[in-house]
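These notes concern the structure reproduced below.
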Amino acid sequence: VVRRSLEAPVHVFNLTVESDNSYVAEGVGVHNCVGFSTAQMKKIQEQIQSGVWLDFDGRGLWQQMGGVGNQGVDTRQTLEYVRSQGAWLLSDRNRRYKIQEYAFVDLDRGFPAAMETIKAAVTVNRPPVLAMLLPTDFGVPISSGTGVRGVESYHQVVIVGYDQTHFEILNSWGAQFGSGGFCKIP
């Protein structure tokens, strides 16, 4: 298993899903997996590069990119913003940290090549974000209706490791999700 050592706790937001399918994180209604995962990616990068754990403002990043209510934001625009403008700390909006570069996996080369590219990024301590299209039967139980969200949508996570058959991810759905906010996906 290749996994970047996470020697300090990674902040996992307390997230719940309300009966109207809206997300509530830290008591505030949001839909900002892109903001949270980009902030967590930058946090892990800073720890790898400087040995210091910094808390970046994922919610603020989501809002800066136009996120309101249950509206998500664009991964490409968010990564470009953090590359050009930087992400700010929860404790200091005036201090910004930029990512040096980003790239996208070329799916035209085929799925196996894409998986090897992602593994290579993890191996050289460049934790990638992964935007996934969720199937229509992916769901979170709710108190009314069909009991399943049933909406085709995207979700973004940070890949922190891998083994022969799975990627280990850090999710934004709270510490109650998976194993302290982490899980494995094939």
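When reading the values below, keep in mind they use all heavy atoms of this one structure, side chains included, and skip hydrogens, waters and symmetry mates. We count residues from 1, following the sequence as given.
- Taking CZ from Phe36 and CG from Leu61, the interatomic distance works out to 10.5 Å, rounded to the nearest 0.5 Å.
- Here CG of Leu89 is found 5.5 Å from CG of Leu54. Values are rounded to the nearest 0.5 Å.
- The side chain to side chain contact (heavy atoms under 4.5 Å, CB included) search around Ala121 returns Arg126, Pro128, not counting sequence neighbours.
- To the nearest 0.5 angstrom, Thr38 atom OG1 is 13.5 Å from Trp62 atom CH2.
- Looking at residues two or more places apart in sequence or on another chain, you find a side-chain hydrogen bond (donor to acceptor under 3.5 Å, both in side chains) between Arg96 and Tyr81.
- Shown here are the side-chain hydrogen bond (donor to acceptor under 3.5 Å, both in side chains) partners of Gln64, two or more places apart in sequence or in another chain: there are none.
- Contact record, Ala114 with Val105: CB-CG1, 3.1 Å, taken as the closest heavy-atom pair.
- Contacts of Arg76 classified as side-chain hydrogen bond (donor to acceptor under 3.5 Å, both in side chains), with partners at least two apart in sequence or in another chain: none.
- A continuous path of hydrophobic side-chain contacts links Val52 to Phe56 [ILVMFWY only; heavy atoms under 4.5 Å].
- Nearest heavy atoms, Thr78 versus Val34: OG1-CG1, 3.5 Å.
- Val124 and Phe104 end up in different hydrophobic clusters when Ile, Leu, Val, Met, Phe, Trp and Tyr side chains are linked at under 4.5 Å.
- The side chain to side chain contact (heavy atoms under 4.5 Å, CB included) search around Ser37 returns Val129, Gln156, Val158, not counting sequence neighbours.
- For the side chain to side chain donor-acceptor pair (under 3.5 Å) condition, the pairs that include at least one residue of residues 84-93, sequence neighbours left out, are Asp57-Trp88.
- With rounding to the nearest 0.5 angstrom, the CD1 atom of Ile159 is 11.0 Å from the CD1 atom of Ile44.
- Expressed to the nearest 0.5 Å, how far CE of Met41 lies from CD of Glu46 amounts to 10.5 Å.
- Atoms CG and CD, from Asp55 and Gln40 in turn, are 7.5 Å apart once rounded to the nearest 0.5 Å.
- Remark: Ser179 pairs with no residue by the side chain to side chain contact (heavy atoms under 4.5 Å, CB included) rule, at least two apart or across chains.
- A side chain to side chain donor-acceptor pair (under 3.5 Å) check over residues 104-116, counting only residues at least two apart or in different chains, returns nothing.
- Judged as a ring pair (Phe, Tyr, Trp, His ring centres under 6.0 Å), and not counting sequence neighbours, Phe167 has no contacts.
- Remark: side-chain polar atoms of Lys43 are not paired, donor with acceptor, to backbone N or O of Trp53 under 3.5 angstrom.
- Taking the side chain as every heavy atom from C-beta outward, Cys33 and Val157 never approach each other to under 4.5 Å.
- The two residues Gly161 and Val122 have their closest heavy-atom pair at CA-CG1, 3.9 Å.
- With sequence neighbours excluded, the residues forming a side-chain hydrogen bond (donor to acceptor under 3.5 Å, both in side chains) with Glu80 are Arg83, Tyr102, listed by chain and number.
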